[in-house]
Amino acid sequence: MSVQQASVPKVTVSPLDLEDANEPPLNIYKPKEPYTATIVSVERLVGPKAPGETCHIVIDHGGNVPYWEGQSYGVIPPGENPKKPGSPHNVRLYSIASTRYGDNFDGKTASLCVRRAVYYDSEIGKEDPSKQGVCSNFLCNSKPGDKIKITGPSGKIMLLPEDDPNATHIMIATGTGVAPFRGYLRRMFMELVPKFKFGGLAWLFLGVANTDSLLYDDEFTKYLKDYPDNFRYDKALSREQKNRSGGKMYVQDKIEEYSDEIFKLLDNGAHIYFCGLKGMMPGIQDTLKKVAEQRGENWEEKLSQLKKNKQWHVEVY
């Protein structure tokens, strides 16, 4: 560890008994009996030139709905389900974008990264304001003090394996899919967690439309400065950068650019995570398959080995 890294002060977190459980908390609150939490803050994360609006929403759960990094909360928006009059809305799942200690480091809050869902009407060639994502708009329109019904936490696929503090973690995100990775990185580089001292490599690939659409960029850039030996950060800006063949730059193009290194890291036991919209995976899988074939490897066999070794983690929506 370099002197520079040793001198970066980390934030003290509490309560440390959140480290004691051997198993992650699961479904403490269910849809029929959700927990009523309180909105602490809603902050727009993107600049004026970003397509769409993405918000960072901090929720106070009073320490009653604990979770681990990589888990999700369910949110039940107010109102009734139009498909089942008299019944509440269905639960919407959101990846948690904070560590178990929350943004206030006291174990009482959780943060969500939410993009406001709008509907584009191809007939009129613009957004149809009468159709909006019920839950994302409820969350982005919330004010401090508003009540919110949450369920969970849920999910085991994206839990951060901590048995080897010197492991390599390759994280591939599009848009709000960066949420769980923000939690991992805060745990690795921001918080003073006695039981988890990270000495490995974390490598984040983030795909968004343009510079104004970058999420948590100031945090990630700081880690790059403070921990140059342990953190790498590559951005794919589809509307600003070109890939090798002159087309738009997507995360799979960045993966291809570094494919030799990525494959070597996977061969040495690295974990690889994917989070974002479902549509990201086919392009990524095609790229990995192409790279594997160029290396004389069978991608299907390699993939099944990665899954068997629990190195492959995917959460798409």
Side-chain angles (χ1 to χ4, degrees), residues 1-26 28 37 40 56 58-73 95-113 152-171 178-204 216 218-233 265 268-273 275 310-311 313:
M1 204 176 194
S2 66
V3 176
Q4 177 199 5
Q5 284 170 248
S7 66
V8 177
K10 288 192 168 186
V11 181
T12 306
V13 292
S14 68
L16 287 176
D17 59 14
L18 288 178
E19 301 291 325
D20 294 347
N22 294 323
E23 287 291 315
L26 281 171
I28 303 169
V40 176
H56 181 73
V58 179
I59 297 164
D60 183 348
H61 60 78
N64 298 306
V65 199
Y67 56 89
W68 283 9
E69 300 70 25
Q71 288 192 300
S72 300
Y73 270 172
S95 300
I96 298 171
S98 48
T99 72
R100 63 193 73 184
Y101 298 101
D103 285 7
N104 298 333
F105 311 106
D106 61 1
K108 292 185 176 157
T109 69
S111 303
L112 304 180
C113 177
S154 63
K156 281 182 161 185
I157 296 161
M158 297 293 280
L159 293 175
L160 185 63
E162 296 188 354
D163 45 337
D164 176 7
N166 300 317
T168 295
H169 303 273
I170 303 165
M171 300 163 263
V178 78
F181 307 141
R182 178 185 184 252
Y184 297 176
L185 294 168
R186 284 172 80 91
R187 187 160 171 84
M188 291 167 176
F189 300 127
M190 188 184 282
E191 298 178 344
L192 187 62
V193 182
K195 284 190 175 179
F196 181 59
K197 290 187 171 60
F198 183 66
L201 172 68
W203 190 353
L204 174 64
Y216 310 112
D218 49 347
E219 283 184 27
F220 303 151
T221 305
K222 186 175 186 317
Y223 304 147
L224 209 50
K225 182 173 137 287
D226 293 345
Y227 298 94
D229 302 336
N230 302 89
F231 184 52
R232 290 174 68 171
Y233 177 31
L265 289 168
N268 287 326
H271 289 272
I272 190 162
Y273 310 80
C275 191
K310 298 188 167 58
Q311 290 170 257
H313 313 260

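Just so you know, these numbers come straight off a predicted model, no measurement behind them.
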About how many Å separate [atom2] of [Y] and [atom1] of [X], when rounded to the nearest 0.5 Å?
X	Y	atom1	atom2	answer
Leu201	Asp229	CG	CG	9.5 Å
Glu191	Ser14	CD	OG	10.5 Å
Ser95	Leu112	OG	CG	9.0 Å
Ile59	Ser111	CD1	OG	8.0 Å
Ile96	Thr109	CD1	OG1	10.5 Å
Leu265	Ile170	CG	CD1	5.0 Å

Can you confirm whether [X] sits close enough to [Y] that some side-chain heavy atom of one is under 4.5 Å from a side-chain heavy atom of the other?
X	Y	value
Leu160	His271	no
Ile28	Pro153	yes
His61	Tyr67	yes
Tyr223	Asn230	no
Thr99	Met190	no
Phe198	Glu162	no
Leu16	Tyr101	yes
Gln71	Pro25	yes

Tell me every residue that passes side-chain hydrogen bond (donor to acceptor under 3.5 Å, both in side chains) with Tyr73, counting only those two or more places apart in sequence or in another chain. none
Among residues two or more places apart or on two chains, list those pairs meeting side chain to side chain donor-acceptor pair (under 3.5 Å) that have a residue in residues 194-203. Trp203-Asp234
For [X] against [Y], the heavy-atom pair lying closest together:
X	Y	result
Ala37	Asp60	CB-O, 3.2 Å
Pro165	Phe196	CA-CE1, 4.3 Å
Leu224	Arg232	CD1-CA, 4.0 Å
Ala179	Cys113	CB-CB, 4.1 Å
Cys275	Pro180	SG-CG, 3.8 Å
Leu185	Phe231	CD2-CE1, 3.7 Å

Side-chain donor/acceptor of Arg100 to backbone N/O of Leu18, under 3.5 Å: yes
Spell out, as yes or no, whether a donor-acceptor pair under 3.5 Å connects the side chain of Asn104 to the backbone of Asp106. no
Residues two or more places apart in sequence or in another chain: which of them pass salt bridge (Lys or Arg N to Asp or Glu O under 4.0 Å) with Asp103? Arg182, Arg186
Output all residues satisfying salt bridge (Lys or Arg N to Asp or Glu O under 4.0 Å) with Lys222, sequence neighbours left out; order by chain, then residue number. Asp226
Residue among Tyr233, Phe189, Tyr227 satisfying ring pair (Phe, Tyr, Trp, His ring centres under 6.0 Å) with Phe220: Tyr233
Under the side chain to side chain contact (heavy atoms under 4.5 Å, CB included) criterion, do Met158 and Phe181 qualify, and how do the steps go? CA-CA 9 Å; Met158 297 293 280; Phe181 307 141; 3.7 Å; yes
More than 12 heavy atoms of other residues, nucleotides or ligands under 6.0 Å from NZ of Lys156: yes or no? no
Who are the ring-ring contact (aromatic ring centres under 6.0 Å, His included) partners of Tyr273, not counting sequence neighbours? His169, Tyr184, His313
Set of ring-ring contact (aromatic ring centres under 6.0 Å, His included) partners for Phe105, sequence neighbours left out: none
